[in-house]
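What follows is a short report on a single structure.
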Amino acid sequence: MSHRPAAIPQDALPFKVKHVLRTLSFSKILLLLFVLGSGSGVVVSALGWWGIEQSVRQIEWLRHANLANLQHAALTVVGLSGLFFALAAALGRRFVTAHERNTQSLRLAAAVFDRSTEGIIITARDGRILQVNPAFTTVTGYQPEDVIGRNPRMFSSGRQDADFYRTLWNTVLSSGQWQGEIWNRRQNGEVYPEWLSICSLRAASGEIDYFVATFSDMTERKRAEDKLIHQAYHDALTHLPNRVLFKDRLEQSLAFSRRMKHKKVALLFIDLDRFKLVNDSLGHAAGDRLLQLVAQRLREIGRQTDTLARLGGDEFTILLPDVDRVEEAMVVADKVLATLKQPFVLDGRDIFVSASIGISMYPDDGADVDVLMKHADTAMYRVKQQGRNGFQIYTHALDQRSLRRLELENQLHKALERKQLVLHYQPQFDLSEGRLRGVEALVRWQHPELGMISPVEFIPLAEESGLIVPIGAWVLETACRQVHAWRQAGFPDLVMSVNLSVRQFFREDIARQVMRAIDDYCLAAHVLELEITESVAMDDVAYTIRTLESLAASGLRLAIDDFGTGYSSLSQLKKMPVKILKIDRSFVQDITTDPDDAEIVNAVITMAHRLGLKVIAEGVESRAQLDHLREQQCDFVQGFLFSRPLPAAELEALLGEWDFSFPAVCGAGMPVGA
């Protein structure tokens with residue numbers, strides 16, 4: 001009974017054999033297996049075919065020898081021999097076919113390894129690099145000879161600490177694989193992100209033989225992600241943080257301040273003054289460029305810890321996350337106003353910009369983001385009301401004023417239909433003729449619960465909300481109807497002065513609207529005098545001249561109101577068909593005490609007369625003011641010295657006393673109108 005030889009233990013292999021196996025590379029081992037496998041298959045097949053051939057020869061020999069008694073035995077032996085060798089041939093063919101399949105699989109694997117777009121690294125159990133593919137060189141810049149035999153830690157960027165790598169390898173050793181994002185370094189020193197997958201290959205004994213790492217360069221993907229994130233949290237025009245990012249940083253600052261307890265947070269809400277004028281006159285492209293220049297200047301005044309953001313339109317905010325006193329925020333506000341004072345150059349033009357700034361503080365003015373932003377906006381709006389180009393610190397009084405403003409705006413929508421608006425009329429006198437010239441129609445709001453509301457309070461609301469257009473149309477029609485009623489009552493013709501708001505004046509149908517009111521009440525055109533403010537007249541000079549010429553052609557009187565408060569160009573003023581300049585009350589008020597105001601009034605009167613224009617001085621409240629104006633040959637006057645604005649019925653009674661002549665108050669002991 002034969003005995004099967006015992007398997008030779010690996011430790012019993014000759015030293016040279018083990019040395020040869022260890023030194024063979026992965027590719028050489030594959031080649032050796034291919035040669036041995038192919039050779040074995042060929043030998044076994046050859047033996048099989050040789051056995052069949054020998055069996056056939058034996059059968060032929062026995063047949064020719066006529067050995068009948070041996071024929072049966074011989075055939076049996078030959079048959080068994082042929083069957084054995086046939087089986088050997090079939091097994092040989094199957095072995096060759098299986099080896100061919102294995103060879104094809106190896107070739108396919110080699111092709112995938114070489115042509116993969118992902119980098120591949122094969123390392124030994126101890127971490128030494130055994131083989132890399134061409135994509136590895138493309139991504140990292142290292143050639144195979146630069147890395148074979150070295151440890152992959154040579155690619156480390158230093159961005160991940162030792163704990164990161166410890167966790168990585170613990171995962172690989174315990175689960176057999178790990179994948180995730182990692183930062184490595186190329187041969188040229190550039191640090192780049194890659195997506196890395198590592199798996200272990202184990203022998204039949206369960207021990208790890210190799211590690212295989214595949215990775216792909218994530219640089220372009222990271223850039224695309226960063227771009228999307230930037231677009232989501234930054235303003236596209238100025239690249240400043242947008243509203244979303246600003247509110248997030250403000251929330252973080254508040255959280256930090258709550259932990260520190262004694263620290264404050266300041267919020268500056270910045271709104272550019274008259275920015276719409278730039279867009280309307282120079283175009284939106286110029287407006288966008290101006291916003292970029294403003295953002296650039298504002299960046300230069302902030303600290304690294306501050307956050308400058310653009311909320312939209314011409315609104316900017318500055319977050320001061322770590323301040324002790326409100327005075328620190330005031331210093332920053334002063335810097336903003338100062339840096340905007342210098343002109344901006346757009347297409348060769350000097351553009352001057354100012355800003356209105358509201359300031360709110362945490363925790364004094366609010367405990368959350370929305371409240372602080374609301375209060376800063378409230379303070380900013382107060383600056384707008386006070387004339388712009390300044391800053392205001394939020395107070396609770398401003399909030400009460402803001403609530404009243406909101407209440408008035410809501411109720412103003414119903415004021416017209418509820419007939420709460422009324423007209424009062426203030427007389428104007430001709431100094432040279434000593435008689436009543438006409439009246440100025442002034443709108444008043446008689447609220448049933450809040451009483452008489454000053455136009456200083458509700459007219460700006462009407463302007464902003466657009467309600468000034470229907471209110472202005474109502475004023476025009478009501479004034480014309482009153483002139484018609486006075487004529488029907490036997491009063492002599494009086495000039496009726498009506499103010500046109502900026503929104504009214506810049507409506508294309510304003511000329512038709514005015515002429516329709518005149519025609520409806522059968523008035524002579526010269527009875528109606530239209531007033532537009534100096535700033536309105538200079539907003540769009542070409543449109544203003546065209547519209548005024550259309551109105552003047554119908555015989556209407558035209559006047560520039562509040563003259564001296566704007567920025568009129570005399571060359572443009574000469575082109576306008578206006579007949580009257582109206583000096584603002586702010587100059588008349590101090591003509592007897594302020595030499596500068598007196599000189600301004602004197603210069604306006606002299607200039608107007610040289611241009612062939614008449615002058616009205618409003619706000620006359622004392623005889624000294626009147627005497628000064630008379631001395632300078634001012635043409636017309638109005639003011640509390642003669643009468644406050646009165647309802648039509650009260651004015652009619654007063655006119656009866658005056659008999660339409662210059663009132664006796666101009667004599668000695670002049671009383672002031674009630």
Side-chain angles (χ1 to χ4, degrees), residues 424-442 491-499 526-527 529-531 533-534 557-566 568 570 573-574 578-646 651 654-674:
H424 286 189
Y425 304 92
Q426 187 171 39
Q428 297 175 339
F429 294 95
D430 188 324
L431 289 179
S432 62
E433 296 185 6
R435 61 181 294 276
L436 181 67
R437 171 187 181 263
V439 296
E440 179 181 7
L442 300 168
F491 287 90
D493 284 345
L494 295 175
V495 175
M496 177 65 74
S497 295
V498 176
N499 294 281
H526 68 272
V527 171
E529 184 173 275
L530 301 177
E531 298 182 8
T533 63
E534 182 182 10
R557 298 171 184 260
L558 302 172
I560 300 294
D561 193 13
D562 297 338
F563 190 80
T565 60
S568 290
L570 292 180
L573 187 61
K574 289 193 302 183
V578 298
K579 297 299 181 183
I580 297 172
L581 295 183
K582 198 168 186 180
I583 302 176
D584 186 67
R585 67 177 67 248
S586 61
F587 297 108
V588 175
Q589 182 178 1
D590 296 324
I591 56 174
T592 60
T593 58
D594 189 332
D596 291 336
D597 282 353
E599 287 298 327
I600 291 173
V601 170
N602 299 346
V604 170
I605 294 173
T606 301
M607 178 199 68
H609 287 166
R610 289 181 179 177
L611 293 175
L613 305 176
K614 299 289 187 179
V615 178
I616 300 178
E618 64 176 350
V620 180
E621 298 181 357
S622 71
R623 179 166 180 173
Q625 294 169 346
L626 179 63
D627 290 342
H628 183 95
L629 294 168
R630 192 193 298 275
E631 182 181 344
Q632 296 300 317
Q633 298 182 349
C634 183
D635 301 288
F636 312 124
V637 292
Q638 71 182 87
F640 279 17
L641 178 63
F642 313 105
S643 173
R644 61 181 173 83
L646 298 171
L651 179 63
L654 189 59
L655 294 179
E657 295 179 12
W658 291 343
D659 194 22
F660 295 92
S661 299
F662 203 83
V665 292
C666 291
M670 177 189 311
V672 177

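With sequence neighbours left out, D597 forms a side-chain hydrogen bond (donor to acceptor under 3.5 Å, both in side chains) with no residue at all. Partners of E433 according to the side chain to side chain contact (heavy atoms under 4.5 Å, CB included) rule, which considers only residues two or more places apart in sequence or in another chain, are D430, R435. Residues that satisfy the side chain to side chain contact (heavy atoms under 4.5 Å, CB included) test with Q589, not counting sequence neighbours, are absent from this structure. Scored by the side chain to side chain contact (heavy atoms under 4.5 Å, CB included) test, A624 finds T592, S622 as partners (sequence neighbours excluded). With sequence neighbours left out, the side-chain hydrogen bond (donor to acceptor under 3.5 Å, both in side chains) criterion links D493 to R487. Taking H526 as the reference, nothing meets the side-chain hydrogen bond (donor to acceptor under 3.5 Å, both in side chains) condition, with sequence neighbours excluded. For the salt bridge (Lys or Arg N to Asp or Glu O under 4.0 Å) test, no residue two or more places apart in sequence or in another chain qualifies with D594. The side-chain hydrogen bond (donor to acceptor under 3.5 Å, both in side chains) check on H424 picks up nothing, with sequence neighbours excluded.
You'll find the side chain of Y425 stays beyond 4.5 Å of the side chain of L442, heavy atoms only. Put simply, the side chain of H628 reaches to within 4.5 Å of the side chain of N602, judged on heavy atoms. Using a 4.5 Å cut-off on side-chain heavy atoms (C-beta onward), L629 and V615 make no contact.
Listed by first and then second residue, the side chain to side chain donor-acceptor pair (under 3.5 Å) pairs involving residues 610-619 amount to none (not counting sequence neighbours).
Here the CG atom belonging to D561 is positioned 7.5 Å from the CG atom belonging to D584, to the nearest 0.5 angstrom. With values rounded to the nearest 0.5 angstrom, R630 atom CZ is found 8.0 Å from R623 atom CZ. Interatomic distance, OG of S497 versus CD1 of I616, reported as 5.5 Å (0.5 Å rounding).
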Exercise for review: Report the C-alpha distance between M496 and V439 in whole Å, list the side-chain angles of each, state the deciding distance to 0.1 Å, and finish with yes or no for side-chain contact (heavy atoms from CB on, under 4.5 Å).
Suggested key: CA-CA 5 Å; M496 177 65 74; V439 296; 3.8 Å; yes
**Study point:** side-chain contact (heavy atoms from CB on, under 4.5 Å) between Q426 and F642, intermediate numbers included
**Key:** CA-CA 9 Å; Q426 187 171 39; F642 313 105; over 6 Å; no
Practice item. Under the side-chain contact (heavy atoms from CB on, under 4.5 Å) rule, what do M607 and L613 come out as? Steps first, then yes or no, please. Key: CA-CA 9 Å; M607 178 199 68; L613 305 176; over 6 Å; no
Review point. side-chain contact (heavy atoms from CB on, under 4.5 Å) between L431 and F636: does it pass, once the steps are laid out?
Key: CA-CA 6 Å; L431 289 179; F636 312 124; over 6 Å; no
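Of the residues R437, H609, Q428, the one that meets the side chain to side chain donor-acceptor pair (under 3.5 Å) test with D635 is H609.
Classification of K582 and E529 as a salt-bridged pair fails, no side-chain N sitting under 4.0 Å from a carboxylate O.
Closest non-hydrogen pair, C634 versus I605, comes out as CB-CD1, 3.9 Å. Annotation for V527 and L494: closest pair CG1-O, 3.3 Å, computed over non-hydrogen atoms. Here the shortest heavy-atom pairing between T533 and I560 reads C-CG2, 4.5 Å. Of all the heavy atoms in P427 and L651, the pair that sits closest is CG-CD1, 3.7 Å. What you find for Q625 and G619 is that their closest heavy atoms are OE1-O, 3.8 Å.
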